[in-house]
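Okay, so here's the structure we're looking at.
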Amino acid sequence: MGKELTFRMSKQIAEMSIKPLRTREEAILLLLYTIRMFDVSIFLTDERSEKVKISIDKMNRIFYLLEGKMFSMQFPFCIDDSSNQDNVIIYHNITGTVINPMVLSFLIEAFEKMNRKEMDFETIFEIIMEPEVNDDDFTTKEMWLLISHLLKYDLGYIRYDIDPEHENGRMHPLNHLDICLDTAATYKIGLDKKIEFDDFKNILDTTNECWYIY
């Protein structure tokens, strides 16, 4: 049975989401900061229209819904069946590691350094061996497996844009999908009309019938 959870974006996540994602490190940082946001989402007083949705079924995706665009990536972890809006339990399916605040802080520090190009194998080793991180509850092996997983797993990035500023006939349609994250690999698929979230989700839902381009 599938599960879908919806959260209001914090100001930080909204600001991060509106900026174009250009690298894996930027995308992973957005995911990690979003997971951190789940703990405080129910306390947000700002009635923002921007939302984050997680859809867990045969697909395992997180969706960012903003004005004029929405995008999605594969969610890199599992969500416990007992989770609800007020208590989201996230874990790594290989190690069983629960993605708690300590684990999140470790991963965010590592990927912030990678994003600033300050990270090499020696730096990773130093972070892993820090006494306040490396304890019986979060072992060196678990740390490495988590970093390795986030560096290698398929992001499955796709974005839907309504882009009147750059509209240019069939070269850059008003409504379009951008596939892939890296600018060297990305390409567009034009759409004849505006689509809503349910349409966007259905395109990616492998339990539904396929959408056809032609």
Side-chain angles (χ1 to χ4, degrees), residues 1-14 16-17 24 27-66 70-111 128 132-158 196-208:
M1 185 70 175
K3 181 186 290 288
E4 186 170 287
L5 302 173
T6 304
F7 304 87
R8 283 178 291 162
M9 282 190 193
S10 66
K11 184 174 183 290
Q12 178 194 24
I13 299 303
M16 292 178 72
S17 300
R24 170 178 286 269
I28 296 300
L29 281 170
L30 175 59
L31 285 166
L32 294 173
Y33 279 113
T34 303
I35 293 172
R36 176 178 279 178
M37 181 198 74
F38 293 159
D39 287 338
V40 299
S41 180
I42 58 172
F43 303 111
L44 295 177
T45 56
D46 187 8
E47 290 290 340
R48 309 186 68 89
S49 60
E50 300 95 337
K51 299 286 192 297
V52 174
K53 289 180 179 284
I54 297 184
S55 186
I56 306 298
D57 202 339
K58 188 173 181 181
M59 67 173 180
N60 205 37
R61 282 193 165 268
I62 186 166
F63 295 86
Y64 293 81
L65 282 60
L66 303 107
M70 47 190 162
F71 62 93
S72 176
M73 295 180 277
Q74 183 189 172
F75 192 66
F77 302 116
C78 296
I79 294 183
D80 190 85
D81 289 339
S82 65
S83 295
N84 54 47
Q85 296 288 144
D86 301 336
N87 182 33
V88 185
I89 302 170
I90 299 171
Y91 64 95
H92 182 224
N93 66 324
I94 303 298
T95 63
T97 305
V98 174
I99 311 302
N100 59 31
M102 180 187 72
V103 174
L104 266 180
S105 294
F106 162 74
L107 292 173
I108 287 171
E109 179 187 1
F111 277 89
I128 287 175
E132 62 269 26
V133 173
N134 190 9
D135 59 26
D136 292 338
D137 294 325
F138 189 31
T139 66
T140 302
K141 180 178 180 180
E142 288 174 320
M143 294 176 204
W144 173 246
L145 286 173
L146 284 174
I147 288 179
S148 178
H149 171 60
L150 291 173
L151 285 173
K152 293 188 297 185
Y153 94 102
D154 191 338
L155 289 170
Y157 178 83
I158 180 172
E196 304 297 336
F197 168 69
D198 285 344
D199 299 315
F200 187 52
K201 179 184 172 184
N202 286 339
I203 291 172
L204 302 170
D205 191 344
T206 56
T207 64
N208 288 339

Test Ile108 against Arg36 for side chain to side chain contact (heavy atoms under 4.5 Å, CB included), laying out the working first.
CA-CA 10 Å; Ile108 287 171; Arg36 176 178 279 178; 3.6 Å; yes
Given side chains that start at C-beta, do those of [X] and [Y] come closer than 4.5 Å, heavy atoms only?
X: Phe200; Y: Leu65; answer: no
X: Leu31; Y: Phe111; answer: no
X: Met37; Y: Val52; answer: yes
X: Arg24; Y: Tyr157; answer: no
X: Ser17; Y: Phe71; answer: yes
X: Met9; Y: Leu66; answer: yes
X: Tyr64; Y: Met73; answer: yes
X: Leu107; Y: Ile28; answer: no

Check step by step if side chain to side chain contact (heavy atoms under 4.5 Å, CB included) holds for Phe63 and Met70.
CA-CA 7 Å; Phe63 295 86; Met70 47 190 162; over 6 Å; no
Hey, could you give me the [atom1]/[atom2] distance between [X] and [Y], rounded to the nearest 0.5 Å?
X: Phe77; Y: Ile90; atom1: CZ; atom2: CD1; answer: 8.0 Å
X: Phe7; Y: Ile54; atom1: CZ; atom2: CD1; answer: 5.5 Å
X: Arg8; Y: Ile13; atom1: CZ; atom2: CD1; answer: 14.5 Å
X: Ile62; Y: Lys53; atom1: CD1; atom2: NZ; answer: 12.0 Å
X: Ile99; Y: Leu32; atom1: CD1; atom2: CG; answer: 8.5 Å
X: Phe38; Y: Leu104; atom1: CZ; atom2: CG; answer: 10.0 Å

May I have the step-by-step check of side chain to side chain contact (heavy atoms under 4.5 Å, CB included) for Phe75 and Ile35, ending in yes or no?
CA-CA 10 Å; Phe75 192 66; Ile35 293 172; 4.0 Å; yes
Arg61 side chain vs Gly156 backbone, donor-acceptor pair below 3.5 Å
yes
Is a side-chain donor or acceptor of Asp57 paired with a backbone partner of Met59 at a separation under 3.5 angstrom?
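Checking the backbone N and O of Met59 against the side chain of Asp57, no donor-acceptor pair under 3.5 Å is found.
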Give me the atom names and distance for the closest heavy-atom approach of [X] to [Y].
X: Thr95; Y: Thr97; value: OG1-OG1, 2.6 Å
X: His149; Y: Pro76; value: NE2-O, 2.8 Å
X: Thr139; Y: Glu142; value: N-OE1, 2.9 Å

